[in-house]
Amino acid sequence: PQLGTLLVQVTDDDMRTVNSAILASDGTSLKVVTIDPQLVCDFGQVGLQTVASAGPIVPLPGMQDTLQRNTGMRIDGVFTLQRLALAGLVDAVGGVTITVETQLQVSPDPDNPEWVGTGTQVLAGGVAADYVTYRGTREVEATRTARFASVLTAVLSALPRDEPSAENIL
């Protein structure tokens with residue numbers, strides 16, 4: 001069977017790409033290939049940009065073409081979610097269950113900090129969206145990207161198996 005691929009991106013409120021992954025499926029298994037948002041690519045007319053900074057200025061077909069060239073993977077389509085849409089998607093599948101190795105503050109607000117504890121956690125939409133989009137001041141990008149991969153995988157696993165029901169959620 002032919003491998004199908006989809007670029008999934010999450011953007012912040014300024015439309016900067018904070019998470020990207022290419023999903024590849026042969027119909028029986030799924031692979032998730034994450035892309036560092038700090039990856040520098042030649043985006044043609046706008047020149048060299050990080051994937052993050054190109055988000056607000058490069059149309060989706062340009063993002064798709066550039067990432068195809070830079071990853072060597074064919075990308076059949078693009079699915080972009082803002083933080084609020086990601087939260088809604090997580091809520092639509094009933095939340096996600098993930099394993100957290102290190103307690104993490106997922107909001108920068110010192111007056112009302114939001115934390116995700118260690119161990120097996122069930123995250124509702126808003127907390128899950130914060131968990132994948134927030135990056136601590138001393139945190140490396142790969143850590144946030146790994147959190148995105150775990151939440152994305154959990155969402156995909158929680159989608160209904162029949163196509164009409166899955167389409168209603170998406």
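Values reported hereafter were calculated over all heavy atoms of this structure, with side chains retained and with hydrogens, waters and symmetry mates removed. Worth saying up front: this structure is predicted, and the values here are computed from it rather than measured.
- Taking hydrophobic clusters as Ile, Leu, Val, Met, Phe, Trp and Tyr residues chained together by side-chain heavy-atom distances below 4.5 Å, Ile169 shares a cluster with Leu156.
- Summarising the geometry, atom OG1 belonging to Thr97 is positioned 9.5 Å from atom CD belonging to Gln121; distances are rounded to the nearest 0.5 Å.
- No path of Ile, Leu, Val, Met, Phe, Trp and Tyr side chains, each step under 4.5 Å between heavy atoms, connects Leu89 with Leu84, placing them in separate hydrophobic clusters.
- Around CG of Asn168, the count of heavy atoms belonging to other residues, nucleotides or ligands within 6.0 Å exceeds 12.
- Tyr131 and Arg147 make their closest contact through O-NE, 2.6 Å (heavy atoms, listed as atom of the first residue, atom of the second, distance).
- For Asn19 against Thr145, the heavy-atom pair with the smallest separation is ND2-CA, 4.2 Å.
- The main-chain N or O of Leu6 is never found under 3.5 Å from a side-chain atom of Asp76 such that the two would form a donor-acceptor pair.
- From Thr80, atom OG1 reaches atom CD of Gln64 across 10.0 Å, with rounding to the nearest 0.5 Å.
- Residues Leu23 and Leu30 have side chains in contact (heavy-atom distance under 4.5 Å, counting atoms from C-beta outward).
- Looking at heavy atoms from C-beta onward, Val90 lies out of side-chain contact with Leu123 at the 4.5 angstrom threshold.
- Here CG of Leu86 is found 8.0 Å from OG1 of Thr133. Values are rounded to the nearest 0.5 Å.
- Linking ILVMFWY side-chain heavy atoms closer than 4.5 Å, directly or via other members, places Leu7 and Ile57 in a single hydrophobic cluster.
- Here the side chain of Arg135 pairs no donor or acceptor atom with the backbone of Val18 at under 3.5 angstrom.
- Interatomic distance, Asp65 CG to Leu60 CG, rounded to the nearest 0.5 Å: 11.0 Å.
- With rounding to the nearest 0.5 Å, the separation of OG1 in Thr17 from CG in Asp36 is 12.0 Å.
- Scanning both residues, Leu67 and Thr71, for their nearest heavy atoms gives O-OG1, 2.7 Å.
- Side chain of Arg83 to backbone of Gly126: a donor-acceptor contact under 3.5 angstrom is found.
- By the rule that hydrophobic residues join a cluster once side-chain heavy atoms approach within less than 4.5 Å of another member, Val122 and Leu159 end up as members of separate clusters.
- Remark: side-chain polar atoms of Arg16 are not paired, donor with acceptor, to backbone N or O of Gly55 under 3.5 angstrom.
- For the 3.5 Å distance criterion, the side chains of Gln9 and Ser20 qualify, holding a donor opposite an acceptor.
- The two residues Phe148 and Val132 have their closest heavy-atom pair at CA-CG1, 3.6 Å.
- By the neighbour-count criterion of 12 heavy atoms within 6.0 Å, atom CZ of Arg138 is sparsely surrounded, having that number or fewer from other residues, nucleotides or ligands.
- Summarising the geometry of Thr50 relative to Pro37, their closest heavy-atom pair is CB-O, 3.5 Å, with the distance given to 0.1 Å.
- Val33 and Leu39 fall within the same hydrophobic cluster, where Ile, Leu, Val, Met, Phe, Trp and Tyr residues are linked whenever their side-chain heavy atoms come under 4.5 Å apart, directly or through other members.
- Side-chain contacts under 4.5 Å among hydrophobic residues (ILVMFWY), followed directly or transitively, place Leu48 together with Val40.
- Note that the CD1 atom of Ile22 and the CD atom of Gln68 stand 8.0 Å from one another [nearest 0.5 Å].
- Within a 6.0 Å radius of CD in Gln103, more than 12 heavy atoms belonging to other residues, nucleotides or ligands are found.
- Between Val78 and Met63 there is no side-chain heavy-atom pair separated by less than 4.5 Å.
- Taking all atoms of both residues into account, the shortest heavy-atom contact from Thr143 to Glu139 is CG2-OE2, 3.3 Å.
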